[in-house]
Undergrad: 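Shown below is the structure under consideration.
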Amino acid sequence: MERVNLKKLGILAILVTVCLCAIIITLSYVFKAATPEEEVWVLHSYGNNVALYNGEDVVEVYGTILLDTLPEADKRQLENGIAFPTKAEAVLAIEDYDG
């Protein structure tokens, strides 16, 4: 009789453990999906101009800034892309090119 109770208790412990693992895994996916992706703002060449990108999206093209008129070092940086943590910092940096 005691052996049967221990067996039932063991099965119950396994079921509780499996359920808790399922809940933890589900919650981790929910919280990961709810966490906003970190924004990355990038100044990058866009034809002969400079554009501000947010991820893959072009936010703004600065048509008054011509790559042909910039120093070679600046052109190379813009061709590779210059990342900023905030839009405000990227816009502030564009003023250096816009004069």
Side-chain angles (χ1 to χ4, degrees):
M1 181 86 160
E2 190 174 311
R3 184 169 246 196
V4 173
N5 286 339
L6 284 176
K7 190 174 183 180
K8 286 181 182 178
L9 187 60
I11 291 172
L12 181 61
I14 291 171
L15 288 174
V16 169
T17 303
V18 168
C19 289
L20 286 175
C21 288
I23 290 170
I24 291 170
I25 291 170
T26 302
L27 287 175
S28 70
Y29 282 114
V30 168
F31 285 119
K32 183 174 182 176
T35 304
E37 293 293 320
E38 186 175 319
E39 289 187 332
V40 176
W41 299 88
V42 179
L43 292 176
H44 201 285
S45 58
Y46 184 85
N48 191 37
N49 299 111
V50 176
L52 177 61
Y53 289 79
N54 184 350
E56 298 291 320
D57 300 326
V58 176
V59 177
E60 189 168 350
V61 176
Y62 298 94
T64 59
I65 303 171
L66 302 175
L67 290 179
D68 293 344
T69 63
L70 297 177
E72 285 300 316
D74 291 342
K75 283 189 223 180
R76 278 193 301 278
Q77 283 184 321
L78 289 165
E79 287 169 359
N80 292 327
I82 306 168
F84 297 89
T86 66
K87 182 178 181 180
E89 290 179 65
V91 170
L92 192 63
I94 200 68
E95 293 174 2
D96 293 339
Y97 298 108
D98 205 12

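Because the structure is a prediction, the values reported are computed rather than measured.
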Undergrad: Could you state whether L92 and L52 fall into the same hydrophobic cluster, counting links through intermediate Ile, Leu, Val, Met, Phe, Trp or Tyr residues with side-chain heavy atoms under 4.5 angstrom apart?
TA: no
Undergrad: Once you round to the nearest 0.5 Å, how far does CG of L43 lie from CG of N80?
TA: 13.0 Å
Undergrad: So does E79 pair up with R76, basic N to acidic O under 4.0 Å?
TA: no
Undergrad: Do the non-hydrogen side-chain atoms of N49 and L66 ever get within less than 4.5 Å of each other?
TA: yes
Undergrad: Is there side-chain contact between N54 and K87, with at least one heavy-atom pair below 4.5 Å?
TA: no
Undergrad: Nearest 0.5 angstrom please: I65 CD1 to I94 CD1, how far?
TA: 3.5 Å
Undergrad: Quick one: are V91 and E60 in side-chain contact, heavy atoms under 4.5 Å?
TA: no
Undergrad: Listed by chain and number, what are the side-chain contact (heavy atoms from CB on, under 4.5 Å) partners of E89, not counting sequence neighbours?
TA: F84, P85, T86
Undergrad: Rounded to the nearest 0.5 Å, what separation is found between the OG atom of S45 and the CG atom of D74?
TA: 12.5 Å
Undergrad: Is it the case that atom OH in Y53 sees more than 12 heavy atoms from other parts of the structure closer than 6.0 Å?
TA: yes
Undergrad: Does D68 use its side chain to pair, donor to acceptor, with the backbone of N48 at less than 3.5 Å?
TA: no
Undergrad: Which pair of heavy atoms, one from A51 and one from V58, lies closest together, and at what distance?
TA: CB-CG1, 4.2 Å
